[in-house]
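Comments concern the structure below.
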Amino acid sequence: MQKIEIADFKRGLNTNDAAHAIEPDQAAELLNVDVRRKGRVFTRNGKTSLHPGSALPGTKVNGATYFKNASLHICAVTTFIYKIVEGTATAVLGNLTSGAQVHFAAWNTKLWIANGAETPSYFNGISTWANPATPPAEWTTVKPNYICEHENRLWTLTAASSQLHWCALDNAEDWTTADNAGSHQFAPNDGWGGVGIVSQKSGLVVFKNYSIYKVTGKTPVSFQFPNLYNDIGCCAPRSIVNIENRIFFLSRNKGEYIVYILDDSGTLTPISQDIAPTLAAITTNVAAAVSYKGKYILSFFTTGSTYKTVSYNYRTNSWEHGSGDACSCYYTVDDALYGGRPAINGNTPSVYTVDTGTNDADTAITSYVKTRNYLLEGADYTKQLRYLIVWVKASGAWNMDINIYIDDKADTTTLKVPLGPRYTGETTKREVIPINVDTQGNMIAIKFGTSTINQPFELYRAELYYDIAQPEIR
């Protein structure tokens, strides 16, 4: 008897290549599981509402953040800004333009917002919101969409005009040129708008739809505005995330969605080749991303009013795929992840604590991983499967489901692996499963998973044992 070793899935998801052509340590399908460094896979954690005592209006959370100075969770929904305290959401600002995407920047004890519809304003966590004392004259007609802090100044970018503004040094109340505040417009006649701004050590990076710029220098007199790229830009403002001084973002080039990394030297690296067909399902330039536990997590909108996620582990350079956990915006607080959820699957918009518990707000998490296709039949042999041996975490009194796919067609038999511990203190168990399925065919794949509430699984490794026989005459 010989074996096929399913050692690990450390290189993650590959939907770009045919299932028989991917590497042994990649997965042909992978949903709602996390892949650890050694390739073990386990059901991702769930999410719980941050404000169970309050329902939010509208259809989507249009922005969310944590204001550390006031210890407040803040979110934007319809025409309101809410603060969330002890499970209850309370409006602290109204009369915003409904549906406008709100971007936040916390700086010098104040929380600033920009949404492209109103003059940027700030909140100190106690009193009412206020506008800066001397805003730029342009803000009377054109409102900034994006806002961030860089080199002790607050910066804003207007989407329609690609106009960048910066305030006086250490004073976001003062936007007058007399105090070294100022502005710059990026290629106003190229037909493309500004998409976002983000701070990097070597300068402020400015994204347009199909170009990238950087602001270098320490003072207005030394500011330079070099054009880094003229054929690549960003298509989704919330996809822009600085991770260890590398900028991750989603781009659309000639109809193809690609995730890039822009390092501090200006070098661009595409990283989404393995999941190109997955990103091809994106239907609009609506996406949100965050850095969390060594991963770049990207949520996006697909057909059928569905949000999905992909996660890039930048330690192992591998991808994962999720559903049910997607968010329209994200933020982190210390080691915790939060996300604003759109109103889908009959739910109202909410801010959730993500990566908690074993369910998605009392809904079961369907999770699975499917191996590559293994060749069973050749010109002078046939492999007939006899046993499957799995090493799993003994995590509870429930089962992990196993399905066998022959020539990409699932067998009707579902094999069950009990995950309950055999004796007190045992955390890992080895299970030998006889395969009483006719596995005659050219290709075979194994799918491990679960879809029952409160029943996660964790798979360490597996082995397939087979006999070699004469090929079947058909």
Side-chain angles (χ1 to χ4, degrees), residues 1-44 274-275 277-278 310-311 313 316-323 366-378 381-393 399-417 419 430-451 456-468:
M1 197 171 290
Q2 301 183 48
K3 73 176 179 180
I4 299 171
E5 187 169 344
I6 307 171
D8 57 54
F9 297 94
K10 64 176 175 288
R11 290 184 58 190
L13 180 67
N14 185 340
T15 60
N16 190 52
D17 298 318
H20 69 276
I22 68 176
E23 298 298 326
D25 54 359
Q26 291 182 313
E29 296 179 17
L30 186 154
L31 184 71
N32 290 331
V33 301
D34 289 328
V35 182
R36 290 179 175 168
R37 282 193 179 188
K38 293 184 178 180
R40 297 174 177 178
V41 296
F42 59 100
T43 304
R44 67 163 174 82
D274 283 348
I275 59 163
T278 304
V310 289
S311 301
N313 187 319
T316 61
N317 299 321
S318 60
W319 285 94
E320 300 161 7
H321 187 201
S323 72
T366 297
S367 57
Y368 54 76
V369 60
K370 185 180 177 185
T371 69
R372 60 171 302 203
N373 277 343
Y374 294 98
L375 181 64
L376 282 187
E377 188 170 290
Y381 68 88
T382 291
K383 298 174 182 176
Q384 177 61 48
L385 298 187
R386 300 301 183 191
Y387 296 97
L388 172 65
I389 301 179
V390 295
W391 284 260
V392 296
K393 181 177 181 179
N399 295 320
M400 179 176 69
D401 296 338
I402 299 176
N403 293 98
I404 297 174
Y405 285 71
I406 303 170
D407 292 340
D408 292 323
K409 197 173 180 182
D411 185 81
T412 56
T413 303
T414 299
L415 307 175
K416 300 284 187 180
V417 178
L419 300 181
R430 173 179 174 270
E431 193 78 11
V432 180
I433 307 162
I435 296 180
N436 299 314
V437 174
D438 182 7
T439 55
Q440 294 290 326
N442 291 315
M443 298 285 184
I444 189 169
I446 309 295
K447 187 175 183 179
F448 308 89
T450 182
S451 59
F457 78 95
E458 186 166 345
L459 173 69
Y460 296 155
R461 59 190 287 258
E463 294 174 350
L464 280 168
Y465 285 82
Y466 62 90
D467 289 328
I468 293 183

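From a predicted model like this one, the values you see are computed outputs, not experimental measurements.
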Report the residues that fulfil side-chain contact (heavy atoms from CB on, under 4.5 Å) with D407, sequence neighbours left out, ordered by chain and then residue number. N442, M443
Can you give me the closest heavy-atom contact between [X] and [Y], atom names plus distance?
| X | Y | answer |
| --- | --- | --- |
| L13 | D274 | O-CB, 3.7 Å |
| S318 | G12 | CB-N, 3.6 Å |
| Q26 | F9 | O-CD2, 3.7 Å |
| N373 | A445 | OD1-CB, 3.3 Å |

Could you tell me if S451 and T366 have a donor-acceptor pair between their side chains, going purely by distance under 3.5 Å? no
Is there side-chain contact between [X] and [Y], with heavy atoms separated by less than 4.5 Å?
| X | Y | result |
| --- | --- | --- |
| L31 | S323 | yes |
| W319 | T15 | no |
| I6 | V390 | no |
| T316 | V35 | no |
| E29 | Y368 | yes |
| L415 | N403 | no |
| L459 | R461 | no |
| I433 | I389 | no |

Is there a salt bridge (Lys or Arg N to Asp or Glu O under 4.0 Å) between R44 and D34 once you walk through the steps? CA-CA 5 Å; R44 67 163 174 82; D34 289 328; over 6 Å; no
Donor-acceptor under 3.5 Å ([X] side chain, [Y] main chain):
| X | Y | value |
| --- | --- | --- |
| N399 | D401 | no |
| E23 | R11 | no |
| N16 | P277 | no |

From [X] [atom1] over to [Y] [atom2], what is the distance, rounded to the nearest 0.5 angstrom?
| X | Y | atom1 | atom2 | answer |
| --- | --- | --- | --- | --- |
| Y387 | M1 | OH | CE | 5.5 Å |
| L376 | Y466 | CG | OH | 9.5 Å |
| T371 | I446 | OG1 | CD1 | 6.0 Å |
| D438 | I406 | CG | CD1 | 6.5 Å |
| I4 | Y465 | CD1 | OH | 11.5 Å |
| E320 | N32 | CD | CG | 10.0 Å |

For D467, run the side chain to side chain donor-acceptor pair (under 3.5 Å) check against Q2, Q384, R386 and tell me which one passes. R386
Would you sort out whether E463 and R430 count as a salt bridge (Lys or Arg N to Asp or Glu O under 4.0 Å), showing the intermediate values? CA-CA 11 Å; E463 294 174 350; R430 173 179 174 270; over 6 Å; no
Mark yes or no: K393 above the aromatic ring of F457, with NZ or CZ under 6.0 Å from the six-membered ring centre and no more than 45 degrees from the axis. no
A cation-pi test, strictly: NZ or CZ of R372 under 6.0 Å from the centre of the six-membered ring of Y374 and no more than 45 degrees from its axis. Yes or no?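 That pair qualifies as a cation-pi contact.
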